[in-house]
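Report on one structure; see the data block that follows.
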Amino acid sequence: MFSLSELVPLNQHQSRSKLLKPWWEVFMDYLVVLMLMASVLACTEQLSRDRVVCIPLDPLVTANTSDHTPSPGVNVALNPSSKPPTHFPHNVSPDLPPPARGRRTHLVYQQYVYISQVCYHEALPLCSRFFPYMALLQTLVLVASGSFWLHFPHTSARIEHFLAILAKCCESPWTSQALSHAAQQENIQEKEVADKRQPPVPPPSLSSSSPPMTCKRQSGIDSSAESPLLKRSESASTAAPPSPCPSTISCNSTMSTVSNSSQVHVPSFKPSVMADSPRQVLSLDKSDGEQARALFERVRKFRSHCEISDVIYKVYLAQTIFKLLMVTLIVSYTIPLLSSFSFTHTCHPEEQALVGYSTFECIHVLSSLMRKLLVAYLALLGLYGLLNFYTLSWILHSSLRQYSFHLLKDLCSLRDVPDLRNDLAFLLHMLDQYDPLLAQRLSVFLSPVSESRLLEESLERRWGEEKLRAMISVDADGCSRLQLVALPRLPPALFTLSHLQVLKLELITDGRFTAHVANMAALRELHLYHCTAAVDPSALGVLQERLEVLHLTFTQASEIPSWVLSLRGLHELHLCGRLSSDGGVGRSWGLGSLRQLRHLRMLVIRGRLQRIPGELCEVSGSLVKLEIYNEGTRLLVLTGLKRMVDLTELLLQDCQLERLPSALLALTNLRTLDLQHNNLRTLEELLTLAHLRRLSCLRLAYNRVLSLPASVGVLRGLELLDLSNNQLRSLPPALFSLRRLRRLLLAGNLLEELPAEVKALQLLTELDLSGNRVESLPPELVSCCLELRILNVAHNSLSSLPKGIAALSQLCRLDLRSNSLEELPAELGCCSGLHGGGLLVEEWLFLSLPPHVRDLLNRSFSPSEKQSEGHTRPESDSFPYFSPTQWSFSSALESQI
């Protein structure tokens, strides 16, 4: 058993399916019903009244005199009381055959019944006996084929889904709002066109000689010619049209006003007064907006599914052809049957011995009714066939597999509705036959403009100005930053943040900068992480003047917006993505010309380049810093560097370089060279860098350098040398001839000792020997390098510290962890820079110091004491010897220097 409520979806589907039936389908359904009624009526009559009535046709002989003539229709021969005649009447010829002789019984009625049954099968035509059943069977076939395309397994699922989507589109509040907005935009556009065509009406000038103003009611004159204000007001609102002539009261009041003034000013009509904003028509709540967005996605998926095939069109065409063939076949063998429906039939039964007669005249009781029903049935069938022929011609002469919203494209807001094809186009053609407004409601969810407007309203509701301001953070440099992730588009409230300086956009589906970006007066830095951002022409000029730093993260170079290369005010450009081109060996740059970036000073590339792009020479006059992180791809050609003579900083990391590039010879202004994370094995080419007199920073960490050549001494201007994480076993004396050297980083090598020549580096402020095999430090280090502030000898084999370490009065960081020390010298307490956490050592080793020394080292200076003693290290309240993490001294000191 099932409840009555379970039948509701079925009834709803049956009521919705009629939306796809055009008028001829509906008409044919009614015709099939009438044919079914005619055939059922014929079957009912045949089952209840179908019979024949027969009488003998042999000459009738009577025993009475001529005055007593037998009435017609009486079978005298079957009368048991009759006797054979002995004489003939005078009007009967004696040559007539003798009266029939047969078996005479008392079963007169049974004999007639018998003859009627026998003659029903022998004399009655087949069409009279089986026409009602054949008509019923034929009609049932037409009924089954009439809606076959709606119930075919491969079409019914799509049709049901389409009807369900159509119902949702009609019920959605967003449909009414979008159509109202389109109608308003069309009305405003028409009024603007009308205002342009209509010549301006000068205001009437009143003087003392002008005749008095009167008010007359005119029935046949159009008042719009006299009052353009009334005409525009009438077109602005159709709900309450103005009166053709103002009332007497208003006219009197106007006259009184005019009499006190010398000139009348007619106000002009503004379309914005009628509708300030289309969003005022209907306000969607959060649930309605989410349902509308889900419906957009559902329509998009259904469209992609239905446009790949035309099975519904083919089934409907096959159904129409089948019905037309069926009608032709039925008519071809039914029309000849009309002549078979006669009222009388002659019957010659073989059982003459039972009745005594050989010929009977029979009548069919339903012959007249059957003939009329057959004529009516054929008339309905002919009309049914004509409708099928019209359907077939409509299918063949119409492009049912292509659908275009011609009327909707006339509306200014729905011009972007795409053309449809295959099954979806066919369904919309069928829907148009029922009501074209239904297709218009569906088009709302096919329009990208409508979807964009919905996203705008959703973003305005969810990402308002208050929420965006609450998300703004301030970094260490005091810059206000805002990051937006995974939004469908930019919220309009974003352009109201006038004090925002850094904007980060990540995974924005459809980001667009409009003219409102001019309100962001403080915007200087923009980050686009896999964000396809577009810029309106009115906003491009603003970004060209204000934007200074741009970060782009992408997958392919084709994803980079073209407007990026026109930002003439840009100072820094950071590119992260695959820039290499697969189009040929000679090309390895997919970005394009940088000619318009006239003020570009810093370019950072994180990609997979095979050569230095020649386009970089276009900005060689302004570019001073170039960083390339090649992600392990070998940089084969570096000749492009030769023309970038103004570079001061060059970074080439993960480029698989095996030797120092010869192109560096042309960079005479170079100050910083960073070749970390490469495959450098030898540094013999250092001699070629001798003429780079401004080179002060050389970073060669994370390579495979086995030895440092003596030619390193030619780099007289070096202040920082980073050889960390190589395979150095010794240091040449020429290294210590670099008297300007302030930072020497040798961590992660195979050094066993530090030469005594280190005493020549009297300006040295940082020395990093961590991760080596050093067993002792030379005394000259603590006696001569008095400017030393950071000393890192962690993870070595030191057994003791040199005496006189108290002379390093500037020492503020000393890392002694993971060594072979058994005790610490008490003179560490004299290094005032180590007080308050500057000493990094194990806890048990720290406890070997005298208590008063431990107190000195643990004591933190107050700000006044630090200022008086010149301490510049950061304040720390924690005990560093408890921390297992190594401090990063290099970055701290580099920022101070």
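Residues take their numbers from the sequence shown, with the count starting at 1.
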- Query: Angle class for the Phe495/Phe513 ring planes (parallel below 30°, perpendicular above 60°, tilted otherwise)?
  - Reply: perpendicular
- Message: Students often mix this up, so state it plainly: with edges at 30° and 60°, are the rings of His677 and Tyr702 parallel, tilted or perpendicular?
- Response: parallel
Please tell me if the side chains of [X] and [Y] come closer than 4.5 Å, counting only heavy atoms from C-beta onward.
X	Y	answer
Leu552	Ile560	yes
Glu685	Arg659	yes
Leu686	Leu698	yes

- Query: Hey, is Glu506 close enough to Lys504 for a salt bridge, meaning N to O under 4.0 Å?
  - Reply: no
- Message: Between Lys759 and Glu780, does any NZ, NE, NH1 or NH2 come within less than 4.0 Å of an OD or OE carboxylate oxygen?
- Response: no
Side chains of [X] and [Y]: do they bring a donor and an acceptor to under 3.5 Å?
X	Y	answer
His527	Glu525	yes
Arg699	Gln676	no
Glu631	Tyr629	no
Ser593	Glu618	yes
Asp768	Ser770	yes
Asn679	Gln656	yes

- Note on the structure: Checking Leu567, Leu543, Leu503 against Leu526 for side chain to side chain contact (heavy atoms under 4.5 Å, CB included), the one that qualifies is Leu503
